[in-house]
Amino acid sequence: MAGRAQIRTNNSALIAMIADEDTITGFLLAGVGNVDLRRKTNYLIVDSKTTVKQIEDAFNDFTSKDDIGIVLISQYIANMIRFVVDSYNKPIPAILEIPSKDHPYDPAHDSVLSRVKHLFSSESVASDRR
């Protein structure tokens, strides 16, 4: 087990969100929202005025925080920064792509699903060799 990365555990972790206003509102009503002492939130509302740079900065900020356990990102927004999402390879925080009201989920664009499919196809090939 010497080569394995250590996964730090907390008593609690936050869920961060990058999505459209309707999706964020639903999660805030469910109690997922948080504002820290510096008045920074754990979500980014993306609208027509939000730049790709702002989305990328929020993604990098959320994935570098110690108190974030999961980052939920709308799939159509993840497609805007696909190169950043695909290059992220840490187990925590986990990145989950979710559908939005106006953009249905497309499994062909989900980076996590494609990694899992690749992993299982590699394992099935390896088990066939035994």
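Reckoned from all heavy atoms, side chains included, excluding hydrogens, waters and symmetry mates.
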(Q) Does Phe59 form a side-chain contact (heavy atoms from CB on, under 4.5 Å) with Ile95? I'd like the steps, not just the answer. (A) CA-CA 10 Å; Phe59 181 86; Ile95 309 302; 3.8 Å; yes
Contact between [X] and [Y] at the side-chain level, heavy atoms closer than 4.5 Å - yes or no?
X	Y	answer
Tyr43	Leu28	yes
Thr63	Lys90	no
Leu72	Ile15	yes

Any donor-acceptor N/O pair, [X] side chain to [Y] backbone, under 3.5 Å:
X	Y	answer
Asp67	Ala13	no
Asp57	Val52	no
Asn34	Leu14	no
Thr51	Gln54	yes

Q.
Thr23 vs Asp20, test: side chain to side chain donor-acceptor pair (under 3.5 Å). Steps then yes/no.
A. CA-CA 6 Å; Thr23 303; Asp20 59 277; 2.9 Å; yes
Q) Same cluster for Val46 and Phe83 if Ile/Leu/Val/Met/Phe/Trp/Tyr side chains link at under 4.5 Å? A)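 Linked within one cluster.
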Q | Hydrophobic cluster membership, Val35 vs Ile24, 4.5 Å side-chain cutoff | A |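 The answer is no; the residues belong to distinct hydrophobic clusters.
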Q. Under a 4.0 Å N-O cut-off, is there an ion pair linking Arg38 with Asp36?
A.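 Yes, this pair counts.
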(Q) With a 4.0 Å cut-off on N to O distance, would you call Lys101 and Glu21 a salt bridge? (A)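 No, Lys101 and Glu21 are not salt-bridged.
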Q: Measure across Lys40 and Asp61 and return the closest heavy-atom pair with its distance rounded to 0.1 Å.
A: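 In terms of heavy atoms, the two residues are closest at NZ-OD2, 3.4 Å.
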Q.
Name the residue from Ile18, Ile81, Val85 that meets the side-chain contact (heavy atoms from CB on, under 4.5 Å) definition with Glu56.
A.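 Testing Glu56 for a side-chain contact (heavy atoms from CB on, under 4.5 Å) against Ile18, Ile81, Val85 leaves exactly one candidate, Ile81.
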